[in-house]
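All remarks here apply to the structure that follows.
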2 protein chains.
Amino acid sequence: MARTQQSRTFPQPGHNHDRCAVQALARAEALCDAKRLRFTSVRRRVLATVWASHAPIGAYDILAQLNAGGGRNAPMAVYRALDFLLAHGLVHRVASLNAFVGCAHPGEAHSHKLGSQLLICRACGSVVEFDGRAVSAAVARAAPGFAIESEVIEISGLCPHCRRLTRRKAIARD
Amino acid sequence: MARTQQSRTFPQPGHNHDRCAVQALARAEALCDAKRLRFTSVRRRVLATVWASHAPIGAYDILAQLNAGGGRNAPMAVYRALDFLLAHGLVHRVASLNAFVGCAHPGEAHSHKLGSQLLICRACGSVVEFDGRAVSAAVARAAPGFAIESEVIEISGLCPHCRRLTRRKAIARD
DNA sequence: CTCGTAAACGTTATAGTATAACGTATCAAT
DNA sequence: ATTGATACGTTATACTATAACGTTTACGAG
């Protein structure tokens, strides 16, 4: 399967995001099909809403989107769908923001078993996962005697694109 | 100043916790004194409550403690005190638990500027900071082009003491 | 096929976490 | 003493999450 994006780097500001979403939905469907999981309508719609951008979205914002066309879903519907998607590594919880973001690498073991390793741009809001194997190794070395079960690693700052913009502005001020 | 505890290791199950609390309060007082900050009554009481154990405590549990003797504090009082304590590195927010824990190393630069690096025991609830310099370095290497501003690193699992207990039980079952 | 069971869902209520916005009090430097 | 900034009191409200119930739906066993 050809990778249409380098999902471990920050998305270009003007990229065609439909591709990301469509691809994520397709992968989720394939994964559920393979594992005999029920990819129901609510679950699909919640995942689609999460994938509406690369920025984390809160449960109640998902709910609002879900009900935008006159729906009558209750918060529980969203939280149950999110529980399912979390359990199967299709989304990540962003603990530092109380929000959720799509997982670009579902099924790659790392994702939900050990937690998530995320870079969060405070300017554009985008979140990407990074390859945290070296980080996990460092954590394990730094915590001798501690039996690690899960890791929440959330790094905030400026993504390359926004950093460039910020610098330009700073220069313009001179 | 003599260190009465090795604050980067998990506290012994039966350790004399009063010492930890008293010491933490004393350090906070010293730090506020040095920086000309107002270590007010509410702030002191909130910090004392946070230091009532090594386990994170929620804002509303702090509030309950504060009002245990008939007080009439509102949530805002607690959150404002927590904001102050967070800003000056006297407590850490535990994002994955929506709770707060005392910082054993206030003033050591790492603490609040870059975020926190915590080990969380799911059995006894204790939290300790670990030396995450190597972890931070690994993160920096894993995120080229990303301008890191803060890190939330929260590792859950079993601390050495609880791991030992768990093993004993497992053996006893045989 | 239909029956039994487990999973998913709908619904209502409630618990738990956090901030907005306003006015008052306190402190400290002039 | 005046003043400006910081801290506090108070009320209201927004936001996040789960409990507990009953009903519906999907799906395999017989």
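In the text below, chain A, chain B and the rest are named by the order of the sequence lines, each starting its count at 1. On a predicted model such as this, the values are computed, not experimentally measured, just so you know.
Side chains of B:T49 and B:R45: a donor-acceptor N/O pair is absent below 3.5 angstrom, by distance only.
Residue B:N98 places at least one side-chain N or O closer than 4.0 Å to OP1 or OP2 of C:dA18.
Residue B:N73 contributes atom CG, which lies 17 Å from atom P of D:dA7 at whole-angstrom precision. Remark: P of C:dA7 and NZ of A:K35 are 16 Å apart, rounded to the nearest angstrom. Separating the CG atom of B:L82 from the P atom of D:dC8 is a distance of 12 Å, rounded to the nearest angstrom. C:dG16 atom P lies 15 Å from atom CD1 of B:I62, rounded to whole Å. As a whole-Å value, the separation of A:L97 CG from C:dT17 P is 18 Å. For the pair A:L63 CG and D:dA14 C1', the interatomic distance rounds to 14 Å; values are reported in whole Å.
With ring centers used as reference points, B:H15 lies under 6.0 Å from B:H54.
Along DNA chain D, the nucleotide nearest to A:A99 and the one nearest to A:R38 differ in position, and the one closer to the 5' end is contacted by A:A99.
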Its contact letters, B for base, S for sugar-phosphate only and - for none at protein heavy atoms under 4.0 Å, make nucleotides 19-25 of chain C read BBB----

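With D:dT11, D:dC8, C:dA8 as the candidates, the nucleotide lying closest to the side chain of B:A74 is D:dT11.
Defining each end axis of the helix from C:dC1-D:dG30 to C:dT30-D:dA1 as the rotation carrying four pairs' C1' atoms onto the next four, with five pairs an end, the two axes are found to diverge by 30° to 10 degrees.
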